[in-house]
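Worksheet: the structure to be examined is printed underneath.
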Amino acid sequence: MNTVSLALRNLLRNRRRSLTTLLAMVVGLVAILLFGGYRSNIIYGTQTGFVQQTGHLQIQRRGYFVDGGDNPTAYGIADYPRLLERIRQAPALAPMLVIATPTLQLGGIAGNFSAGVSRSVMATGLIPEDRNRMMQWNDLGVVSYAQPLPLAGAAEDTVVVGTGVARKLQLCALLDAADCQPAAAPTVLDGAALPDDIAALSLLEKAGPTAPPGNRIEMLAATARGAPNVASLNVIKASNMGIKALDDMYMAMHLAQAQRLIFGTGTPQVTAILVQLKHTAQIPPAREVLSRLLAEHFQDADLEILDFDTLNPIYRQTNEFMDSMFGFIALLIGVIVLFTIGNTMSTAVVERTTEIGTLRAMGLRRAGIRRLFVCEALLLGIAGSVLGVLGALLIAYAINHSGWSWTPPGYSYAYLILVRVGEDLPLLLGSVTGMLAVTLLSAWWPARRAARLVIVDALRHA
Amino acid sequence: MHPVSLRQVGKTYRLGSVDVPALSDITLDIRQGAFTVLAGPSGSGKTTLLNLIGCIDTPDQGEITVAGHQVQSMPDDALSDFRARHIGFIFQNFNLIPVLSARENVEYPLVLAGVAASERHRRVQALLDAVGLSDRQHNLPAQLSGGQRQRVAIARALATAPRLVLADEPTANLDSHTGADIITLMRRLQREQDVSFVFSSHDPQVHAEADEIIFIRDGRITGIEAGRDTTRGQA
Ligand SMILES: Nc1ncnc2c1ncn2[C@@H]1O[C@H](COP(=O)(O)OP(=O)(O)OP(=O)(O)O)[C@@H](O)[C@H]1O
Ligand SMILES: [Mg+2]
């Protein structure tokens with residue numbers, strides 16, 4: 001017969017009203033949790049994708065990230081083997097480090113001269129084994145769409161391009177038939193239409209077994225000394241890069257190949273060292289270690305450390321966008337629940353005015369009356385939270401196993417729709433806490449009014 | 001010592017701009033261990049007076065002493081605790097807590113007063129026996145007749161063994177036969193437990209049982225009469 005059992009009995013006495021209120025809370029909580037879970041999935045997915053591609057931290061020459069873009073030679077790190085060695089050996093970093101790998105970014109023009117087409121590309125020189133290792137990063141347990149680069153173990157002149165690049169270059173053998181209109185007939189023979197000097201350079205570059213003619217392209221780039229240089233490359237795969245703008249520009253090649261294209265026989269350089277950590281939360285301490293390392297051993301190299309947020313501004317923007325949407329939905333639902341419970345409790349207070357007067361006359365203090373109604377609302381809140389969480393988990397499970405998919409804006413292929421409710425403890429705790437807070441808030445005023453009723457007026461209430 | 005003393009007590013209600021004097025200049029001592037009836041026509045101020053004695057309303061003038069305590073200026077929480085300890089209420093409409101069984105309704109004031117469970121069960125059982133409702137103790141109020149509900153209410157009012165039990169027209173919602181039973185029950189328990197009963201009633205049956213009848217008209221005491229039963233001494 002304590003406050004809780006009294007509150008519970010009063011709720012059960014008004015079964016229909018309690019159920020209606022409960023339903024509003026459950027629906028509200030389920031909506032918040034499902035959207036929150038969806039948001040988590042997107043944010044985790046985005047984070048995972050970026051971590052797989054860019055790592056958590058990058059060491060670059062100062063200014064390269066902002067100004068350097070397509071000018072690798074002005075911002076090259078010549079001393080990079082020593083830097084890599086230091087990073088890999090740093091004892092403070094070792095427990096956090098997954099991998100540190102060099103990369104060389106370069107711009108150039110790729111041409112399929114047999115088809116008479118060309119387009120400019122952004123090429124990344126990389127170590128395929130390292131990158132494939134990076135793509136296995138899945139600390140957040142998302143469904144990853146990353147596919148290993150087939151460059152690992154392949155000849156040095158092999159490259160992978162985006163499907164957009166392949167389409168432009170009419171590399172039909174690598175594409176779905178629907179995606180490609182091959183040139184009616186090879187109009188020119190290999191090299192015949194090229195200016196003489198470029199053709200000559202191209203001939204110098206030719207190495208390794210000749211690939212099927214359809215997949216061979218030439219890549220033209222400017223060397224460190226400003227002279228044009230050409231590499232003959234063997235496209236072994238066209239991969240869909242997800243984002244179309246990237247898909248139309250992308251090329252991945254062996255680091256050594258890229259370095260030969262840009263630096264020729266000079267000292268090979270890179271534009272960045274990618275550092276991937278075990279957990280995203282380790283960025284600050286890892287950055288600390290790297291800063292010390294650079295200050296101690298590479299003072300003259302003029303290097304800077306860029307973190308994940310800086311490297312991928314769209315990640316933060318996505319987060320902020322999802323957060324603001326989540327906030328708006330949560331606010332809306334919070335207000336609805338606030339008024340629903342407030343209304344339920346107000347009605348209860350009016351209905352039970354005589355009872356309140358009686359309890360007060362018998363010696364129950366004001367605080368006791370307040371406690372009774374707050375307790376009723378809280379019981380509703382707890383029941384609503386439990387049912388809401390269970391409902392959300394159940395629906396999330398159903399959605400996650402339904403195979404629904406959609407194509408996000410700017411993406412060129414569909415993603416599975418997943419909601420991560422159960423895995424997102426902060427979301428669960430936050431939503432439940434919020435729900436209980438709203439419950440308390442909405443019960444507070446009716447409870448206060450009940451507690452402040454004038455006893456004799458309450459008793460006179462018919 | 002008188003369980004209740006009032007000195008020059010007045011109470012005025014404001015209705016818009018009109019002052020309605022409900023009680024004026026009431027000076028009165030209630031006898032210890034007596035069955036005291038407030039009698040008077042409708043609107044004479046009986047309920048108002050009972051509310052003041054019961055410490056659920058405050059006077060505009062005068063002093064009220066209940067069980068030796070000046071109550072008119074006590075803070076609300078202290079007054080609540082005071083009521084829980086010293087005063088039992090019986091209402092015209094029974095006012096049982098609808099979600100509690102008969103037994104729990106009787107037990108509730110004891111929970112409020114912080115009485116230990118074993119003692120509570122002993123007292124509740126004794127009271128349910130005394131009002132003859134042991135066999136209905138697990139029924140909810142809605143499952144009881146009016147007379148049975150009022151019996152539960154009487155047991156509830158007596159649960160904490162208060163100095164004073166107040167009843168505002170306890171039989172008005174009962175048929176005359178049931179009303180008479182209730183009066184007899186209250187009278188018996190009042191004697192057995194030596195508690196002071198004060199209640200208002202239009203009912204001549206009640207007047208006949210009283211130790212003392214206080215007549216009120218237009219908010220003033222117009223006379224005090226000893227009842228038929230004068231065997232009990234003055235306190
Ligand atoms: N809350 C109130 N506001 C205004 N006037 C009131 C209020 N309560 C009582 N009164 C007035 O005070 C006077 C006394 O009322 P009270 O209820 O004490 O009479 P009563 O003797 O109990 O009448 P009844 O036998 O009909 O119950 C009446 O004139 C009534 O109109
Ligand atoms: Mg009255």
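Throughout, a chain's letter reflects where its sequence line sits, starting with A, and its residues are numbered from 1.
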Only pairs under 3.5 Å count here: list side-chain donor-acceptor contacts from residues 26-37 of chain A, not counting sequence neighbours, and write none if there are none.
none

Checklist entry - Given the rule in the side chain to side chain contact (heavy atoms under 4.5 Å, CB included) test, do A/Leu6 and B/Leu100 qualify, once you have shown the distances and angles that lead to the verdict? => result CA-CA 8 Å; A/Leu6 209 58; B/Leu100 299 182; 3.3 Å; yes
In Å and rounded to the nearest 0.5 Å, what is the [atom1] to [atom2] distance from [X] to [Y]?
| X | Y | atom1 | atom2 | value |
| --- | --- | --- | --- | --- |
| A/Leu459 | B/Asp168 | CG | CG | 9.5 Å |
| A/Ile455 | B/Asn51 | CD1 | CG | 9.5 Å |
| B/Leu140 | A/Arg13 | CG | CZ | 9.5 Å |

Next on the checklist: Please check if the number of heavy atoms outside B/Tyr13 that lie under 6.0 Å from its OH is greater than 12.
Outcome noted: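 Result for OH/B/Tyr13: enclosed.
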Checklist entry - So does B/Arg14 have more than 12 non-hydrogen atoms from other groups sitting under 6.0 Å from CZ? => result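 More than 12 within 6.0 Å, yes.
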Item to check | Contact origin within B/Leu112 toward chain A - heavy atom pairs under 4.5 Å | outcome: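 It is the side chain, since no backbone atom gets that close.
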Throw together a table of side-chain donor-acceptor distances under 3.5 angstrom for residues 153-165 of chain B, partners on residues two or more places apart or in other chains.
residue: B/Arg156; atom: NH1; partner: B/Asn95; partner atom: O; Å: 3.1
residue: B/Arg156; atom: NH2; partner: B/Phe94; partner atom: O; Å: 3.4
residue: B/Arg156; atom: NH2; partner: B/Asn95; partner atom: O; Å: 3.1
residue: B/Arg163; atom: NH2; partner: B/Gln32; partner atom: OE1; Å: 3.3

Checklist entry - Would you say B/Val99 and A/Leu8 make side-chain contact, with heavy atoms under 4.5 Å? => result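 The answer is no; the side chains never approach within 4.5 Å.
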Item to check | Residues of residues 356-385 of chain A contacting chain B, heavy-atom criterion under 4.5 Å, by residue number | outcome: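 Heavy-atom contacts from residues 356-385 of chain A to chain B are A/Thr358, A/Leu359, A/Arg360, A/Ala361, A/Met362, A/Gly363, A/Leu364, A/Arg365, A/Arg366.
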Next on the checklist: Is there a side chain to side chain contact (heavy atoms under 4.5 Å, CB included) between B/Phe91 and A/Thr354? Walk through the geometry before answering.
Outcome noted: CA-CA 11 Å; B/Phe91 302 91; A/Thr354 313; over 6 Å; no
Next on the checklist: Checking an interface table here. Which of residues 71-89 of chain B come within a heavy-atom distance under 4.5 Å of chain A?
Outcome noted: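 Within residues 71-89 of chain B, the residues under 4.5 Å from chain A are B/Asp76, B/Asp77, B/Ser80, B/Asp81, B/Arg83, B/Ala84, B/Phe89.
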